[in-house]
Student: 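Questions regarding the structure given below will be posed in turn.
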Amino acid sequence: MTSNTSSIVRQGRKFVVSSVSSDAHMWNLVFLQLLLEEHGGEVRNLGACVPDELIIEECRNERPDVLVISTVNGHGHLDGIRLIRKIRQDAELADLRVVIGGKLGVRGSENIAFVKELVTGGFDAVFESEAGLQDFQEFLFGVESATELPELSPLSAAA
């Protein structure tokens, strides 16, 4: 990491981290948890293959500043759009800051095509794995609280 990432997340920020329901990978979630905790974040890691309903229930209970969805199986755009629609329809979570990142499809660098659909569907930011971590880290640096979050460009891409 570069020196400008030494305070990515301000103390006391709360995150829920999860995969999509079809993704059995755990290493990406552990990486995110460690990254967030290393910079002062409080993290609830839900693990792999988490059903949409459980993610929604945990977000209602935990009231995180940000829900971070990570995927590496190539189905992120399919599971992600279904999940975000459910979250945006839930009155308690409609304003929750939600981001998704990782391997959104199986097209390599062409996965960037899924970003617009996911943002239009309701994600606050989308970070495609081919772009690296810089945009995700910049997003995290700006996280204040659930009511004071940074403005995002509609087509963010990284993590």
Side-chain angles (χ1 to χ4, degrees), residues 1 5 8-9 13-90 92-140 143 146 149 152 155-159:
M1 276 191 247
T5 61
I8 290 175
V9 180
R13 299 302 160 237
K14 196 171 187 179
F15 298 86
V16 169
V17 174
S18 181
S19 71
V20 292
S21 61
S22 69
D23 197 327
H25 295 90
M26 190 66 189
W27 61 266
N28 52 318
L29 302 173
V30 172
F31 171 81
L32 286 169
Q33 179 176 349
L34 293 173
L35 176 71
L36 294 167
E37 287 175 344
E38 182 177 299
H39 297 286
E42 178 186 336
V43 179
R44 170 90 163 101
N45 187 339
L46 301 182
C49 294
V50 183
D52 296 351
E53 291 72 23
L54 181 57
I55 294 171
I56 290 168
E57 179 182 331
E58 288 297 322
C59 286
R60 283 187 198 129
N61 293 337
E62 295 290 326
R63 300 289 183 198
D65 294 306
V66 182
L67 168 61
V68 179
I69 301 295
S70 179
T71 179
V72 294
N73 73 349
H75 297 116
H77 71 287
L78 298 172
D79 293 335
I81 198 70
R82 184 191 64 243
L83 173 62
I84 197 62
R85 287 178 180 154
K86 290 178 182 179
I87 289 171
R88 295 301 178 227
Q89 291 173 355
D90 186 295
E92 290 183 60
L93 302 177
D95 294 331
L96 175 64
R97 182 58 63 107
V98 184
V99 300
I100 188 169
K103 188 175 177 186
L104 302 174
V106 294
R107 299 181 188 169
S109 62
E110 293 179 24
N111 288 338
I112 198 74
F114 299 122
V115 172
K116 184 175 182 179
E117 174 190 10
L118 291 164
V119 170
T120 301
F123 280 97
D124 294 290
V126 176
F127 305 99
E128 213 317 291
S129 65
E130 298 290 320
L133 280 174
Q134 184 173 350
D135 286 349
F136 181 64
Q137 290 174 322
E138 288 173 6
F139 165 79
L140 293 176
V143 171
L149 290 166
L152 298 173
L155 298 179
S156 296

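Given the structure is predicted, the values throughout are model-derived calculations rather than measurements.
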Student: E53 versus E57: any side-chain heavy-atom pair under 4.5 Å?
Tutor: no

Student: Tell me which one of L32, L36, L35, L34 satisfies side chain to side chain contact (heavy atoms under 4.5 Å, CB included) with V43.
Tutor: L36

Student: Could you check whether any side-chain heavy atom of D23 comes within less than 4.5 Å of a side-chain heavy atom of D79, counting everything from C-beta outward?
Tutor: no

Student: Would you compute the distance between atom CG of N73 and atom CG of L104 and round it to the nearest 0.5 angstrom?
Tutor: 10.5 Å

Student: Can you see whether S19 engages N28 through a side-chain donor-acceptor pair at a distance of less than 3.5 angstrom?
Tutor: no

Student: Does any part of the side chain of C59, heavy atoms only, come nearer than 4.5 Å to the side chain of I87, both counted from C-beta?
Tutor: no

Student: Do you know the tightest heavy-atom contact between I56 and K86?
Tutor: CD1-CB, 3.6 Å

Student: What's the shortest heavy-atom distance between I55 and S18, and which atoms?
Tutor: CD1-OG, 3.5 Å

Student: With a 4.5 Å cut-off on side-chain heavy atoms, are I81 and I84 touching?
Tutor: yes

Student: In Å and rounded to the nearest 0.5 Å, what is the CG to CZ distance from L29 to F31?
Tutor: 11.5 Å

Student: Under a 4.5 Å cut-off applied to non-hydrogen side-chain atoms, are R63 and E92 in contact?
Tutor: yes

Student: Minimum heavy-atom separation for P51 to S21, with atom names?
Tutor: CA-CB, 4.2 Å

Student: Which value, rounded to the nearest 0.5 Å, describes the distance between H25 atom NE2 and K103 atom NZ?
Tutor: 8.5 Å

Student: Assign the ring pair F127 / F136 to parallel, tilted or perpendicular, where the plane angle (0 to 90°) is split at 30° and 60°.
Tutor: perpendicular

Student: Rounded to the nearest 0.5 Å, what separates atom CG in L93 from atom CZ in R88?
Tutor: 8.5 Å

Student: What distance do R85 atom CZ and F123 atom CZ have between them, rounded to the nearest 0.5 Å?
Tutor: 10.5 Å

Student: Are the side chain of D124 and the backbone of V99 linked by a donor-acceptor contact shorter than 3.5 Å?
Tutor: no

Student: Run the numbers on R60 and D90 for side chain to side chain contact (heavy atoms under 4.5 Å, CB included), then give the verdict.
Tutor: CA-CA 10 Å; R60 283 187 198 129; D90 186 295; 2.2 Å; yes

Student: With rounding to the nearest 0.5 angstrom, report the CG to CZ distance, D52 to R82.
Tutor: 4.0 Å

Student: Within a strict 4.5 Å, meaning less than it, do heavy atoms of the N45 and M26 side chains meet?
Tutor: yes

Student: Indicate the atoms forming the closest heavy-atom contact of L118 with G80, along with that distance.
Tutor: CD2-C, 4.2 Å

